[in-house]
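Here is the structure we will look at.
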Amino acid sequence: MKQRVRWQDPVIFERQIDQTRFVLASEEEDSPEFSFLVIGDSGSGKHRKHNPQRQIAKKMLEHRDRARFILHTGDVVYLVGSSEYYPKNFIEPYKEFIVGGEKQKKIAYDEMVFKTPILPVLGNHDYYDLPLIYGLMGGVTLPLRRILKLRLDLDIGWHGSNQGKAYAKAFIDYLKAFDTDAELQRHLDKHYTATTSTGRCLIYKPGEFTRLPYRYYTFRSGGIDFFALDSNTFNAPSPLPTTGEGAAYRRTLEGRIYELEQEKLQIMEEASKLNANSPEEAERLDDLEAKLEQVEEVKLDIDKQLVADETTVTDFEQLTWLRQRLIESWNTPEVRGRVVYLHHPPYVTESTKWYQAQTLAVRRNLRWVLDEVAKELGGLPQQHPIVDLVLTGHAHCLEHLSTGDTGHADSYINWIICGGSGYSLRRQRKEGAQLHETVGDTEREVARSHLYLGRSGHGSHKRRPYSFLRIDVKAGNPAKFVVQPFVAERYQRKWVDREIESFVI
(Lines give C-alpha, C1' and ligand atoms only; values in the text may rest on other atoms or scores of the structure.)
Protein backbone atom coordinates (compact mmCIF):
# COMPACT_ATOMS: atom_id res chain seq x y z
CA MET A 1 0.00 0.00 0.00
CA LYS A 2 2.89 2.37 0.67
CA GLN A 3 4.23 1.80 -2.83
CA ARG A 4 0.80 2.52 -4.31
CA VAL A 5 0.69 6.01 -2.78
CA ARG A 6 4.45 6.63 -3.17
CA TRP A 7 4.66 7.02 0.59
CA GLN A 8 6.93 9.94 1.56
CA ASP A 9 8.36 10.19 -1.94
CA PRO A 10 10.84 13.13 -2.10
CA VAL A 11 8.39 15.07 -4.30
CA ILE A 12 5.73 14.63 -1.60
CA PHE A 13 8.06 15.19 1.33
CA GLU A 14 9.42 18.49 0.03
CA ARG A 15 5.86 19.83 -0.20
CA GLN A 16 5.26 18.88 3.46
CA ILE A 17 2.19 16.84 2.55
CA ASP A 18 0.35 14.82 5.19
CA GLN A 19 -0.61 11.58 3.41
CA THR A 20 -3.02 10.48 6.15
CA ARG A 21 -5.40 13.42 6.07
CA PHE A 22 -7.91 15.02 3.75
CA VAL A 23 -10.26 18.00 3.81
CA LEU A 24 -13.81 17.55 2.62
CA ALA A 25 -14.74 20.36 0.24
CA SER A 26 -18.31 21.58 0.40
CA GLU A 27 -20.36 24.45 -0.97
CA GLU A 28 -22.21 24.57 2.36
CA GLU A 29 -20.98 25.97 5.64
CA ASP A 30 -19.28 23.45 7.93
CA SER A 31 -22.22 23.49 10.32
CA PRO A 32 -21.89 21.74 13.69
CA GLU A 33 -25.23 20.07 12.98
CA PHE A 34 -25.03 17.55 10.16
CA SER A 35 -25.89 13.96 9.26
CA PHE A 36 -23.99 11.04 7.79
CA LEU A 37 -24.87 7.49 6.77
CA VAL A 38 -23.12 4.27 7.74
CA ILE A 39 -23.09 0.95 5.86
CA GLY A 40 -20.87 -2.10 5.98
CA ASP A 41 -20.31 -5.64 4.71
CA SER A 42 -22.44 -4.80 1.73
CA GLY A 43 -20.52 -6.04 -1.27
CA SER A 44 -22.53 -9.05 -2.36
CA GLY A 45 -23.51 -9.56 -5.95
CA LYS A 46 -25.80 -12.30 -7.12
CA HIS A 47 -28.78 -13.24 -4.98
CA ARG A 48 -31.49 -15.58 -6.08
CA LYS A 49 -34.76 -13.72 -6.62
CA HIS A 50 -33.71 -10.74 -4.45
CA ASN A 51 -30.80 -8.38 -3.75
CA PRO A 52 -30.51 -7.07 -0.16
CA GLN A 53 -27.73 -4.62 -1.03
CA ARG A 54 -29.89 -2.94 -3.65
CA GLN A 55 -32.80 -2.70 -1.21
CA ILE A 56 -30.57 -0.89 1.27
CA ALA A 57 -29.13 1.39 -1.43
CA LYS A 58 -32.64 2.46 -2.47
CA LYS A 59 -33.57 3.28 1.12
CA MET A 60 -30.35 5.27 1.48
CA LEU A 61 -31.43 7.47 -1.42
CA GLU A 62 -34.22 8.87 0.76
CA HIS A 63 -31.53 10.36 3.04
CA ARG A 64 -28.91 11.35 0.47
CA ASP A 65 -29.78 15.05 0.40
CA ARG A 66 -29.29 15.50 4.15
CA ALA A 67 -26.18 13.30 4.42
CA ARG A 68 -22.82 15.04 4.30
CA PHE A 69 -21.02 11.74 3.58
CA ILE A 70 -21.30 7.95 3.85
CA LEU A 71 -18.95 5.86 6.00
CA HIS A 72 -18.37 2.25 4.92
CA THR A 73 -17.02 -0.14 7.57
CA GLY A 74 -15.38 -2.51 5.07
CA ASP A 75 -15.89 -5.57 2.87
CA VAL A 76 -16.85 -3.41 -0.07
CA VAL A 77 -16.69 -6.36 -2.50
CA TYR A 78 -17.12 -10.06 -1.73
CA LEU A 79 -15.69 -12.62 -1.77
CA VAL A 80 -12.11 -11.81 -2.68
CA GLY A 81 -12.09 -8.05 -3.35
CA SER A 82 -11.49 -8.66 -7.05
CA SER A 83 -11.74 -5.88 -9.63
CA GLU A 84 -13.88 -8.31 -11.67
CA TYR A 85 -16.74 -7.86 -9.21
CA TYR A 86 -16.74 -4.10 -8.66
CA PRO A 87 -19.21 -3.47 -11.53
CA LYS A 88 -21.77 -5.95 -10.20
CA ASN A 89 -21.13 -5.76 -6.46
CA PHE A 90 -20.55 -2.03 -6.02
CA ILE A 91 -21.15 0.21 -9.04
CA GLU A 92 -24.54 -1.23 -10.00
CA PRO A 93 -26.09 -1.19 -6.49
CA TYR A 94 -24.88 2.36 -5.74
CA LYS A 95 -25.24 3.81 -9.23
CA GLU A 96 -27.28 6.83 -8.03
CA PHE A 97 -24.38 7.88 -5.78
CA ILE A 98 -21.83 7.80 -8.63
CA VAL A 99 -21.32 10.43 -11.35
CA GLY A 100 -22.55 8.90 -14.63
CA GLY A 101 -24.31 6.13 -12.74
CA GLU A 102 -27.24 6.17 -15.15
CA LYS A 103 -24.84 4.43 -17.53
CA GLN A 104 -23.14 2.31 -14.90
CA LYS A 105 -21.80 -0.26 -17.37
CA LYS A 106 -19.48 2.39 -18.80
CA ILE A 107 -17.91 3.26 -15.40
CA ALA A 108 -14.53 1.67 -14.77
CA TYR A 109 -13.98 0.52 -11.19
CA ASP A 110 -10.82 2.66 -10.93
CA GLU A 111 -12.47 5.82 -12.30
CA MET A 112 -15.41 6.24 -9.92
CA VAL A 113 -16.34 9.76 -8.81
CA PHE A 114 -18.96 10.07 -6.08
CA LYS A 115 -21.77 12.60 -5.90
CA THR A 116 -22.02 11.97 -2.15
CA PRO A 117 -18.67 11.10 -0.54
CA ILE A 118 -18.31 7.38 0.17
CA LEU A 119 -15.49 6.95 2.69
CA PRO A 120 -14.61 3.29 3.30
CA VAL A 121 -12.05 1.32 5.26
CA LEU A 122 -10.55 -1.97 4.17
CA GLY A 123 -12.30 -5.15 5.23
CA ASN A 124 -10.71 -8.58 5.27
CA HIS A 125 -12.47 -9.53 2.02
CA ASP A 126 -11.07 -6.41 0.34
CA TYR A 127 -7.62 -7.92 0.95
CA TYR A 128 -8.41 -11.54 0.05
CA ASP A 129 -6.49 -13.39 -2.64
CA LEU A 130 -6.87 -16.82 -4.19
CA PRO A 131 -4.21 -19.43 -4.84
CA LEU A 132 -3.65 -19.53 -8.61
CA ILE A 133 -5.23 -22.95 -9.01
CA TYR A 134 -8.48 -21.79 -7.37
CA GLY A 135 -8.67 -18.82 -9.70
CA LEU A 136 -8.16 -21.03 -12.72
CA MET A 137 -10.77 -23.49 -11.50
CA GLY A 138 -13.22 -20.67 -10.78
CA GLY A 139 -12.79 -19.09 -14.21
CA VAL A 140 -12.69 -22.27 -16.27
CA THR A 141 -15.69 -23.85 -14.58
CA LEU A 142 -17.86 -20.70 -14.52
CA PRO A 143 -19.71 -21.50 -17.81
CA LEU A 144 -20.17 -25.09 -16.67
CA ARG A 145 -21.54 -23.98 -13.30
CA ARG A 146 -24.06 -21.76 -15.08
CA ILE A 147 -25.15 -24.52 -17.45
CA LEU A 148 -25.54 -27.11 -14.70
CA LYS A 149 -27.05 -24.51 -12.32
CA LEU A 150 -24.82 -25.67 -9.50
CA ARG A 151 -25.98 -23.44 -6.73
CA LEU A 152 -22.98 -22.66 -4.58
CA ASP A 153 -21.83 -20.25 -7.26
CA LEU A 154 -19.78 -17.84 -5.15
CA ASP A 155 -18.37 -14.55 -6.42
CA ILE A 156 -14.96 -16.00 -7.25
CA GLY A 157 -13.51 -15.41 -10.71
CA TRP A 158 -10.02 -15.49 -12.17
CA HIS A 159 -8.17 -13.65 -9.42
CA GLY A 160 -8.41 -12.04 -6.00
CA SER A 161 -7.67 -8.54 -4.74
CA ASN A 162 -3.90 -8.63 -5.35
CA GLN A 163 -3.29 -7.67 -1.71
CA GLY A 164 -5.86 -4.90 -1.79
CA LYS A 165 -4.84 -3.44 -5.15
CA ALA A 166 -8.41 -3.32 -6.48
CA TYR A 167 -9.58 -1.37 -3.43
CA ALA A 168 -6.58 0.96 -3.70
CA LYS A 169 -7.30 1.74 -7.36
CA ALA A 170 -11.01 2.18 -6.66
CA PHE A 171 -10.79 4.50 -3.63
CA ILE A 172 -7.24 5.67 -2.87
CA ASP A 173 -5.22 8.29 -4.76
CA TYR A 174 -3.07 5.82 -6.72
CA LEU A 175 0.07 7.92 -7.13
CA LYS A 176 2.07 4.96 -8.40
CA ALA A 177 0.29 5.46 -11.74
CA PHE A 178 2.36 8.59 -12.48
CA ASP A 179 5.43 7.65 -14.53
CA THR A 180 7.42 10.85 -14.00
CA ASP A 181 8.04 13.27 -11.15
CA ALA A 182 6.72 16.06 -13.34
CA GLU A 183 3.33 14.35 -13.66
CA LEU A 184 3.24 13.72 -9.93
CA GLN A 185 4.11 17.35 -9.18
CA ARG A 186 1.27 18.64 -11.37
CA HIS A 187 -1.16 16.25 -9.67
CA LEU A 188 -0.08 17.26 -6.17
CA ASP A 189 -0.26 20.96 -6.98
CA LYS A 190 -3.81 20.47 -8.27
CA HIS A 191 -5.32 18.20 -5.62
CA TYR A 192 -3.21 18.62 -2.45
CA THR A 193 -4.03 22.25 -1.78
CA ALA A 194 -5.72 22.13 1.62
CA THR A 195 -3.75 23.65 4.51
CA THR A 196 -3.95 22.06 7.96
CA SER A 197 -1.99 22.00 11.22
CA THR A 198 -0.13 18.89 10.01
CA GLY A 199 0.78 20.24 6.57
CA ARG A 200 -0.77 20.30 3.13
CA CYS A 201 -3.21 17.54 2.32
CA LEU A 202 -5.58 16.19 -0.27
CA ILE A 203 -8.89 17.95 -0.84
CA TYR A 204 -11.88 15.68 -1.53
CA LYS A 205 -14.33 17.35 -3.94
CA PRO A 206 -17.68 15.54 -4.40
CA GLY A 207 -18.59 15.27 -8.05
CA GLU A 208 -15.05 16.14 -9.19
CA PHE A 209 -12.22 14.39 -7.35
CA THR A 210 -13.11 11.78 -4.75
CA ARG A 211 -9.98 9.98 -3.64
CA LEU A 212 -8.68 9.04 -0.21
CA PRO A 213 -5.06 9.65 0.76
CA TYR A 214 -4.13 6.26 2.24
CA ARG A 215 -5.43 3.01 3.78
CA TYR A 216 -5.91 4.83 7.12
CA TYR A 217 -6.73 8.52 7.36
CA THR A 218 -8.42 11.30 9.30
CA PHE A 219 -10.71 14.23 8.48
CA ARG A 220 -12.74 16.80 10.40
CA SER A 221 -16.36 17.77 9.86
CA GLY A 222 -18.52 20.05 12.00
CA GLY A 223 -15.97 20.01 14.80
CA ILE A 224 -15.90 16.19 14.90
CA ASP A 225 -12.64 14.36 14.18
CA PHE A 226 -13.06 11.09 12.25
CA PHE A 227 -10.33 8.44 12.27
CA ALA A 228 -10.47 5.64 9.68
CA LEU A 229 -8.33 2.58 10.46
CA ASP A 230 -7.11 -0.49 8.60
CA SER A 231 -7.63 -3.15 11.27
CA ASN A 232 -6.39 -5.95 9.00
CA THR A 233 -2.82 -5.05 9.96
CA PHE A 234 -3.24 -5.18 13.73
CA ASN A 235 -5.55 -8.18 14.13
CA ALA A 236 -2.87 -10.90 14.08
CA PRO A 237 -3.11 -13.32 17.06
CA SER A 238 -0.23 -13.74 19.48
CA PRO A 239 1.94 -16.86 18.90
CA LEU A 240 0.78 -20.01 20.70
CA PRO A 241 3.11 -21.52 23.29
CA THR A 242 4.81 -24.66 21.96
CA THR A 243 4.62 -26.64 25.21
CA GLY A 244 2.13 -27.45 27.93
CA GLU A 245 -1.34 -25.93 27.58
CA GLY A 246 -0.30 -24.11 24.40
CA ALA A 247 0.59 -27.37 22.66
CA ALA A 248 -2.67 -28.98 23.81
CA TYR A 249 -4.64 -25.99 22.54
CA ARG A 250 -2.87 -26.26 19.18
CA ARG A 251 -4.00 -29.89 18.89
CA THR A 252 -7.56 -28.78 19.70
CA LEU A 253 -7.43 -26.19 16.91
CA GLU A 254 -6.09 -28.74 14.44
CA GLY A 255 -8.99 -31.04 15.32
CA ARG A 256 -11.41 -28.17 14.83
CA ILE A 257 -10.01 -27.60 11.33
CA TYR A 258 -10.92 -31.19 10.45
CA GLU A 259 -14.46 -30.71 11.81
CA LEU A 260 -14.91 -27.55 9.74
CA GLU A 261 -13.79 -29.32 6.56
CA GLN A 262 -16.39 -32.03 7.20
CA GLU A 263 -19.02 -29.35 7.76
CA LYS A 264 -18.12 -27.76 4.41
CA LEU A 265 -18.63 -31.09 2.64
CA GLN A 266 -22.06 -31.49 4.23
CA ILE A 267 -23.07 -27.99 3.14
CA MET A 268 -22.01 -28.64 -0.44
CA GLU A 269 -23.79 -32.00 -0.50
CA GLU A 270 -27.04 -30.44 0.70
CA ALA A 271 -26.74 -27.61 -1.85
CA SER A 272 -26.31 -30.07 -4.71
CA LYS A 273 -29.78 -31.49 -4.00
CA LEU A 274 -31.64 -28.17 -4.11
CA ASN A 275 -33.46 -26.59 -7.04
CA ALA A 276 -32.66 -22.91 -7.56
CA ASN A 277 -35.89 -22.41 -9.54
CA SER A 278 -37.92 -23.05 -6.41
CA PRO A 279 -38.28 -19.78 -4.41
CA GLU A 280 -38.15 -21.62 -1.08
CA GLU A 281 -35.12 -23.72 -2.05
CA ALA A 282 -33.41 -20.68 -3.62
CA GLU A 283 -33.46 -18.92 -0.26
CA ARG A 284 -32.12 -22.06 1.38
CA LEU A 285 -29.25 -21.95 -1.11
CA ASP A 286 -28.53 -18.37 -0.08
CA ASP A 287 -28.42 -19.56 3.52
CA LEU A 288 -25.99 -22.35 2.61
CA GLU A 289 -23.68 -19.93 0.83
CA ALA A 290 -23.72 -17.73 3.93
CA LYS A 291 -23.02 -20.73 6.13
CA LEU A 292 -20.14 -21.82 3.92
CA GLU A 293 -18.61 -18.34 4.08
CA GLN A 294 -18.97 -18.35 7.87
CA VAL A 295 -17.22 -21.72 8.13
CA GLU A 296 -14.39 -20.41 5.98
CA GLU A 297 -14.08 -17.35 8.21
CA VAL A 298 -13.80 -19.46 11.37
CA LYS A 299 -11.28 -21.69 9.64
CA LEU A 300 -9.21 -18.66 8.62
CA ASP A 301 -9.15 -17.36 12.19
CA ILE A 302 -7.83 -20.75 13.36
CA ASP A 303 -5.27 -20.79 10.56
CA LYS A 304 -4.05 -17.38 11.74
CA GLN A 305 -3.53 -18.76 15.23
CA LEU A 306 -1.68 -21.84 13.99
CA VAL A 307 0.78 -19.91 11.82
CA ALA A 308 1.41 -17.02 14.23
CA ASP A 309 5.01 -16.91 15.47
CA GLU A 310 7.67 -14.40 16.53
CA THR A 311 7.84 -13.10 12.94
CA THR A 312 4.17 -11.99 13.04
CA VAL A 313 4.11 -8.21 12.58
CA THR A 314 1.69 -5.80 14.23
CA ASP A 315 1.18 -2.45 12.50
CA PHE A 316 2.51 -0.26 15.31
CA GLU A 317 3.16 2.54 12.81
CA GLN A 318 -0.59 2.95 12.34
CA LEU A 319 -1.35 2.51 16.05
CA THR A 320 1.27 5.13 16.98
CA TRP A 321 -0.24 7.45 14.36
CA LEU A 322 -3.69 7.02 15.94
CA ARG A 323 -2.24 7.67 19.40
CA GLN A 324 -0.63 10.93 18.29
CA ARG A 325 -3.65 12.14 16.33
CA LEU A 326 -6.00 11.50 19.24
CA ILE A 327 -3.71 13.46 21.56
CA GLU A 328 -3.60 16.32 19.03
CA SER A 329 -7.40 16.17 18.74
CA TRP A 330 -7.83 16.54 22.52
CA ASN A 331 -5.44 19.50 22.47
CA THR A 332 -7.47 21.28 19.76
CA PRO A 333 -10.15 23.46 21.40
CA GLU A 334 -12.50 23.56 18.41
CA VAL A 335 -12.84 19.76 18.34
CA ARG A 336 -15.93 18.64 20.26
CA GLY A 337 -16.10 14.93 19.48
CA ARG A 338 -14.23 11.94 18.05
CA VAL A 339 -15.42 9.00 15.93
CA VAL A 340 -13.25 6.00 15.03
CA TYR A 341 -14.27 3.53 12.33
CA LEU A 342 -12.63 0.26 11.34
CA HIS A 343 -13.65 -3.19 10.13
CA HIS A 344 -13.02 -5.64 13.00
CA PRO A 345 -15.11 -5.12 16.19
CA PRO A 346 -13.34 -5.32 19.56
CA TYR A 347 -16.70 -5.97 21.26
CA VAL A 348 -19.43 -8.11 19.66
CA THR A 349 -22.08 -10.71 20.54
CA GLU A 350 -22.47 -12.25 17.07
CA SER A 351 -22.37 -16.04 17.33
CA THR A 352 -18.77 -16.62 16.18
CA LYS A 353 -16.82 -13.43 16.83
CA TRP A 354 -16.27 -12.82 20.57
CA TYR A 355 -13.86 -15.72 21.06
CA GLN A 356 -11.99 -15.25 17.78
CA ALA A 357 -8.31 -14.48 18.15
CA GLN A 358 -8.65 -11.53 15.76
CA THR A 359 -11.25 -9.90 18.02
CA LEU A 360 -8.93 -10.23 20.99
CA ALA A 361 -5.97 -8.81 19.02
CA VAL A 362 -7.90 -5.75 17.85
CA ARG A 363 -9.26 -5.13 21.34
CA ARG A 364 -5.80 -5.46 22.89
CA ASN A 365 -4.18 -3.10 20.38
CA LEU A 366 -6.89 -0.45 20.58
CA ARG A 367 -6.70 -0.59 24.36
CA TRP A 368 -2.98 0.06 24.17
CA VAL A 369 -3.59 3.17 22.05
CA LEU A 370 -6.33 4.52 24.29
CA ASP A 371 -4.36 3.76 27.47
CA GLU A 372 -1.42 5.69 26.03
CA VAL A 373 -3.66 8.64 25.16
CA ALA A 374 -5.16 8.66 28.65
CA LYS A 375 -1.68 8.59 30.15
CA GLU A 376 -0.68 11.61 28.06
CA LEU A 377 -3.85 13.47 29.01
CA GLY A 378 -3.31 12.75 32.69
CA GLY A 379 -6.18 10.26 32.95
CA LEU A 380 -9.61 9.78 31.41
CA PRO A 381 -11.41 13.06 30.64
CA GLN A 382 -14.01 13.79 33.32
CA GLN A 383 -17.39 12.26 32.44
CA HIS A 384 -16.31 11.84 28.82
CA PRO A 385 -14.74 8.88 27.00
CA ILE A 386 -11.59 9.35 24.94
CA VAL A 387 -13.62 8.41 21.86
CA ASP A 388 -17.34 9.20 21.59
CA LEU A 389 -18.22 6.45 19.16
CA VAL A 390 -16.53 3.47 17.47
CA LEU A 391 -18.11 2.12 14.27
CA THR A 392 -17.18 -1.31 12.92
CA GLY A 393 -18.37 -4.06 10.58
CA HIS A 394 -17.19 -7.65 10.03
CA ALA A 395 -19.99 -9.14 12.15
CA HIS A 396 -22.97 -9.36 9.81
CA CYS A 397 -25.52 -7.63 11.99
CA LEU A 398 -26.47 -4.29 13.46
CA GLU A 399 -25.47 -4.04 17.10
CA HIS A 400 -25.09 -1.32 19.72
CA LEU A 401 -22.91 -2.08 22.74
CA SER A 402 -21.39 -0.03 25.53
CA THR A 403 -18.42 -0.83 27.70
CA GLY A 404 -18.45 -0.43 31.46
CA ASP A 405 -15.31 -0.33 33.56
CA THR A 406 -12.90 -2.50 31.58
CA GLY A 407 -9.86 -1.49 33.60
CA HIS A 408 -8.59 0.35 30.52
CA ALA A 409 -9.22 3.58 28.65
CA ASP A 410 -11.77 1.88 26.39
CA SER A 411 -14.23 2.14 29.30
CA TYR A 412 -17.62 3.87 28.87
CA ILE A 413 -17.44 3.97 25.06
CA ASN A 414 -20.34 3.30 22.68
CA TRP A 415 -19.62 0.73 19.97
CA ILE A 416 -21.87 0.21 16.95
CA ILE A 417 -21.45 -2.65 14.51
CA CYS A 418 -22.94 -1.82 11.11
CA GLY A 419 -22.21 -4.98 9.14
CA GLY A 420 -25.61 -5.98 7.84
CA SER A 421 -25.95 -3.87 4.70
CA GLY A 422 -26.13 -6.58 2.05
CA TYR A 423 -24.23 -9.77 2.69
CA SER A 424 -25.37 -12.77 4.71
CA LEU A 425 -26.70 -12.04 8.19
CA ARG A 426 -25.62 -13.84 11.36
CA ARG A 427 -27.34 -14.81 14.59
CA GLN A 428 -26.56 -13.53 18.06
CA ARG A 429 -24.68 -15.91 20.30
CA LYS A 430 -26.70 -18.08 22.70
CA GLU A 431 -24.80 -16.77 25.73
CA GLY A 432 -26.71 -13.50 25.46
CA ALA A 433 -25.96 -9.79 25.59
CA GLN A 434 -23.34 -9.60 28.36
CA LEU A 435 -19.64 -9.91 27.56
CA HIS A 436 -17.20 -11.06 30.23
CA GLU A 437 -13.42 -11.15 30.50
CA THR A 438 -11.26 -13.06 32.91
CA VAL A 439 -8.63 -10.93 34.63
CA GLY A 440 -6.40 -13.02 36.84
CA ASP A 441 -8.77 -15.30 38.72
CA THR A 442 -11.73 -12.95 38.41
CA GLU A 443 -14.36 -12.83 35.69
CA ARG A 444 -16.19 -9.55 35.21
CA GLU A 445 -18.63 -8.01 32.78
CA VAL A 446 -16.90 -5.55 30.45
CA ALA A 447 -19.61 -4.76 27.90
CA ARG A 448 -23.31 -5.12 27.27
CA SER A 449 -25.34 -5.25 24.07
CA HIS A 450 -28.38 -2.97 23.90
CA LEU A 451 -29.57 -3.75 20.37
CA TYR A 452 -28.95 -6.69 18.05
CA LEU A 453 -30.46 -7.09 14.59
CA GLY A 454 -29.39 -10.21 12.74
CA ARG A 455 -30.81 -13.44 11.45
CA SER A 456 -33.50 -14.96 13.66
CA GLY A 457 -36.27 -17.50 13.47
CA HIS A 458 -36.35 -20.75 11.54
CA GLY A 459 -38.00 -22.20 8.47
CA SER A 460 -40.79 -20.07 7.05
CA HIS A 461 -40.49 -17.72 10.04
CA LYS A 462 -36.85 -16.84 9.42
CA ARG A 463 -36.16 -13.10 9.48
CA ARG A 464 -33.31 -11.31 7.72
CA PRO A 465 -33.19 -7.61 8.76
CA TYR A 466 -30.63 -5.81 6.54
CA SER A 467 -29.69 -2.37 7.79
CA PHE A 468 -27.87 0.95 7.60
CA LEU A 469 -27.62 3.97 9.89
CA ARG A 470 -28.22 7.67 9.72
CA ILE A 471 -26.38 9.51 12.46
CA ASP A 472 -27.42 13.10 13.18
CA VAL A 473 -24.73 15.14 14.93
CA LYS A 474 -26.11 17.88 17.16
CA ALA A 475 -24.54 21.21 18.08
CA GLY A 476 -22.92 21.68 21.47
CA ASN A 477 -19.81 20.55 23.28
CA PRO A 478 -19.57 17.68 23.85
CA ALA A 479 -21.52 16.70 20.76
CA LYS A 480 -24.56 14.43 20.83
CA PHE A 481 -25.15 11.76 18.21
CA VAL A 482 -28.70 10.67 17.37
CA VAL A 483 -28.48 7.20 15.84
CA GLN A 484 -31.36 6.15 13.59
CA PRO A 485 -31.29 2.58 12.22
CA PHE A 486 -33.13 1.77 8.99
CA VAL A 487 -34.10 -1.78 8.15
CA ALA A 488 -35.24 -3.64 5.04
CA GLU A 489 -36.32 -7.05 6.27
CA ARG A 490 -36.65 -10.17 4.17
CA TYR A 491 -39.50 -12.23 5.62
CA GLN A 492 -41.45 -15.02 3.96
CA ARG A 493 -39.88 -14.13 0.60
CA LYS A 494 -41.11 -10.52 0.77
CA TRP A 495 -39.48 -7.20 1.68
CA VAL A 496 -40.94 -5.51 4.75
CA ASP A 497 -39.93 -2.13 6.19
CA ARG A 498 -39.23 -2.34 9.90
CA GLU A 499 -39.23 0.63 12.26
CA ILE A 500 -36.41 0.82 14.83
CA GLU A 501 -36.42 3.50 17.51
CA SER A 502 -33.52 5.96 17.44
CA PHE A 503 -31.15 6.35 20.40
CA VAL A 504 -28.84 9.12 21.59
CA ILE A 505 -25.12 8.90 22.34
Side-chain angles (χ1 to χ4, degrees), residues 1 4 39-47 51-53 72-94 108-110 112 120-146 150-172 174 215 230-233 235-236 260-261 264 267-268 271 285-286 288-304 307 343-344 352 356 358 393-396 419 421-424 426:
M1 284 294 187
R4 290 162 182 161
I39 56 175
D41 295 82
S42 61
S44 60
K46 176 177 61 58
H47 278 265
N51 188 334
Q53 183 178 208
H72 195 301
T73 61
D75 283 353
V76 176
V77 170
Y78 282 90
L79 277 170
V80 291
S82 169
S83 59
E84 297 171 278
Y85 287 96
Y86 267 83
K88 181 177 70 173
N89 294 18
F90 188 85
I91 295 173
E92 184 177 334
Y94 302 114
Y109 84 97
D110 56 352
M112 293 185 294
V121 291
L122 281 142
N124 52 305
H125 286 271
D126 299 312
Y127 266 124
Y128 273 4
D129 281 312
L130 285 174
L132 177 60
I133 185 64
Y134 288 172
L136 291 174
M137 288 173 63
V140 170
T141 64
L142 182 59
L144 180 62
R145 283 183 282 158
R146 286 174 175 164
L150 295 180
R151 291 299 81 202
L152 287 182
D153 192 6
L154 304 173
D155 283 334
I156 298 175
W158 288 95
H159 58 81
S161 74
N162 193 5
Q163 295 183 315
K165 182 178 181 180
Y167 174 99
K169 296 191 77 172
F171 295 106
I172 295 175
Y174 203 83
R215 62 186 179 91
D230 179 2
S231 54
N232 297 276
T233 57
N235 70 339
L260 291 169
E261 290 293 350
K264 283 170 56 180
I267 293 170
M268 296 173 74
L285 283 163
D286 280 338
L288 290 175
E289 282 190 7
K291 192 174 182 181
L292 183 63
E293 191 266 340
Q294 184 170 343
V295 169
E296 284 288 355
E297 184 182 281
V298 174
K299 183 174 176 290
L300 179 62
D301 187 75
I302 294 174
D303 287 338
K304 278 177 169 278
V307 303
H343 185 60
H344 297 84
T352 65
Q356 283 192 6
Q358 295 174 76
H394 193 49
H396 297 180
S421 302
Y423 204 65
S424 60
R426 307 274 176 82

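The residues of the chain are indexed from 1 along the displayed sequence.
Summarising the geometry of Ala166 relative to Ser82, their closest heavy-atom pair is CB-C, 4.2 Å, with the distance given to 0.1 Å. The minimum heavy-atom distance linking Tyr86 with Ala170 is given by the pair CE2-CB, 3.7 Å. When all heavy atoms of Gly422 and Pro52 are compared, the closest pair comes out as O-CB, 3.7 Å. Taking every heavy atom of both residues into account, Ser42 and Ser421 meet most closely at CB-O, 3.7 Å. Between Ala168 and Arg4, the shortest heavy-atom distance links the atoms CB-CD, 4.0 Å.
Here the CG-OG1 distance, from Asp301 to Thr352, works out to 8.5 Å after rounding to the nearest 0.5 Å. Distance check: Ile172 CD1 to Asp110 CG gives 13.0 Å after rounding to the nearest 0.5 Å.
Under a 3.5 Å cut-off, the side chain of His396 and the backbone N or O of Arg426 do not form any donor-acceptor pair. Side chain of Asn89 to backbone of Val77: no donor-acceptor contact under 3.5 angstrom is found. The main-chain N or O of Val80 is never found under 3.5 Å from a side-chain atom of Asp129 such that the two would form a donor-acceptor pair.
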Start with the C-alpha distance between Glu84 and Tyr109, add both sets of side-chain angles, then the distance that settles side chain to side chain contact (heavy atoms under 4.5 Å, CB included), and finish with yes or no.
CA-CA 9 Å; Glu84 297 171 278; Tyr109 84 97; over 6 Å; no
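Under 3.5 Å, the side chains of Tyr78 and Asp126 contain no donor-acceptor pair of N or O atoms. A donor-acceptor pair shorter than 3.5 Å can be found between the side chains of Tyr94 and Gln53.
Surrounding NZ of Lys169 are more than 12 heavy atoms belonging to other residues, nucleotides or ligands, all under 6.0 Å away. Heavy atoms from other residues, nucleotides or ligands lying under 6.0 Å from NZ of Lys304 number more than 12. Around CD of Gln163, the count of heavy atoms belonging to other residues, nucleotides or ligands within 6.0 Å does not exceed 12.
Legend: residues meeting side chain to side chain contact (heavy atoms under 4.5 Å, CB included) with Pro120, ordered by chain and number and at least two apart, are His72, Val76, Tyr167, Phe171, Leu212, Tyr217. In terms of the ring-ring contact (aromatic ring centres under 6.0 Å, His included) criterion, residue partners of His394 (sequence neighbours excluded) are, by chain and number, His343, His344.
With Tyr127 as the fixed residue, the side-chain hydrogen bond (donor to acceptor under 3.5 Å, both in side chains) test singles out one of Asp230, Asn162, Asp75: Asp230.
For the pair Ile39/Thr73, no side-chain contact is recorded, criterion being any heavy-atom separation below 4.5 Å from C-beta on. Arg215 is listed as a side-chain neighbour of Thr233, based on a closest heavy-atom distance under 4.5 Å. Contact check for Glu296 versus Lys264: side-chain heavy atoms found under the 4.5 Å cut-off.
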